[in-house]
Structure formats: C-alpha cells, structure tokens
Colleague: 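Structure incoming, see below.
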Amino acid sequence: MPLANAVLNPFLEKSLPKVIDARVHGIIDYCHASFFFGMAILCRRRNPRAATAALLAGSFVLVESLLTDYPLGIAKVIPFETHGRLDSAFAASSSLVPKLFGFNETGAAAIFEGNALVEATVVGMTDFSHESDRGGQ
C-alpha cells in the first residue's frame, strides 16, 4: 500500500475537482482529529503503539486546524495554503507511521494506510487558493 500511496497521492492532489471550500475543509479536519482520538481510545489496551500514534496524529490535526486562517480556525496563524501543504505531507507520511511506531501489518496499520489515500483525496478536492473562503472574510 505505501508504494501505491506514493504513486496515487500526487495524482489525486492535482487531478481532482476543487469542490471543497475552506469551511467544509475545516469541518472535515475536526472530524478527522476526532476520528484519531477515538482510535487512540479504542487501541489503548490491545495496541498501545497504535494508540500513541493515533493520539499524536489527532493532536497534529487539531492543533493545525485551530491555528489555520480559515472560518473554523481560532488563532489564524497558518495560512490556508500552508495548511494544504501540511496536509499533503501528512498524507504522504501517514502510511509510514505504523512502521515507525512498530505496529505494521495490523488492523491499525491498515487505518493509517487508508488515511493516506483519504487525506490525499481531501487535499486534492480542496480549493486552497480561494480568497473569499479565508478566515473572517
């Protein structure tokens, strides 16, 4: 799967229609963080390494969202376009997390591998350049 992600992610990010605006992207981000926090809770006993990785992933997504200059951001420190670049990096690295944390070839690893594809799809469908979608404008 990681090889497929390496090939598919750039394709998805460049070829999909830009139908997700900043507000919808923010909603997706907060749901994404919640998903990883839920995964951390569910994995805490049977797979503590996956739980730690999920907790860190959820924390990254939450902090990035809170600091982004979009309608649901709080501090508006990170430009929305930079947020898109961070999301791209997260998509590209998500499938590597299980190996780095030592839980590859588990069900939890499959979730991180799937996340890489989903994240790349969301990035590919988001219009990060539309000025009217920013912050309080």
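Just so we're clear, the structure is a prediction, and the values are computed from it rather than from any experiment. Numbers here simply count residues along the sequence, with the first being 1.
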Colleague: OG1 of Thr106 to CG of Asn47: how many Å apart, nearest 0.5 Å?
Modeller: 5.0 Å
Colleague: At their closest point, which heavy atom of Gly102 faces which heavy atom of Arg49, and how far apart are they?
Modeller: O-CD, 3.8 Å
Colleague: Please assess Val122 against Asp87 for the test side chain to side chain contact (heavy atoms under 4.5 Å, CB included), listing each intermediate value before the final yes or no.
Modeller: CA-CA 9 Å; Val122 170; Asp87 280 357; 5.7 Å; no
Colleague: Hey, what do you get for CG (Asp127) to CD (Glu81), rounding to the nearest 0.5 Å?
Modeller: 9.5 Å
Colleague: Check Lys18 against Gly124 and note the closest heavy-atom contact, atom names and distance.
Modeller: NZ-O, 2.7 Å
Colleague: Would you please test Phe37 and Ser59 for side chain to side chain contact (heavy atoms under 4.5 Å, CB included) and show each step?
Modeller: CA-CA 8 Å; Phe37 290 139; Ser59 297; 3.7 Å; yes
Colleague: For Phe103 and Val97, which heavy atoms make the closest approach, and how far apart are they?
Modeller: CE2-O, 4.1 Å
Colleague: I need the full list of side chain to side chain donor-acceptor pair (under 3.5 Å) pairs touching residues 27-36, with sequence neighbours left out, sorted by first then second residue.
Modeller: His25-Asp29, Asp29-Tyr70, Asp29-His83, His32-Asn115, His32-Glu119
Colleague: Which pair of heavy atoms, one from Ala120 and one from Ala91, lies closest together, and at what distance?
Modeller: N-CB, 3.7 Å
Colleague: For the residue pair Phe101 and Phe112, is the inter-centroid distance of their aromatic rings smaller than 6.0 Å?
Modeller: no
Colleague: Are Leu56 and Phe60 connected into the same hydrophobic cluster when the rule is that any two of I, L, V, M, F, W, Y join if their side-chain heavy atoms are below 4.5 Å apart?
Modeller: yes
Colleague: Would you check if the side chain of Lys76 reaches a backbone N or O of Leu67 as a donor-acceptor pair within less than 3.5 Å?
Modeller: no
Colleague: Checking side chain to side chain contact (heavy atoms under 4.5 Å, CB included) for the pair Leu62/Phe36: CA distance, chi angles, key distance, verdict?
Modeller: CA-CA 10 Å; Leu62 179 61; Phe36 275 118; over 6 Å; no
Colleague: Are Leu42 and Ile111 linked, directly or through other ILVMFWY residues, by side chains that come within less than 4.5 angstrom of each other?
Modeller: no
Colleague: Nearest heavy-atom pair of Ala54 and Ala40: which atoms, and what distance?
Modeller: CB-N, 3.7 Å
Colleague: Grab the two heavy atoms, one from Val123 and one from Phe128, that are nearest each other, plus how far apart they are.
Modeller: O-CE1, 3.5 Å
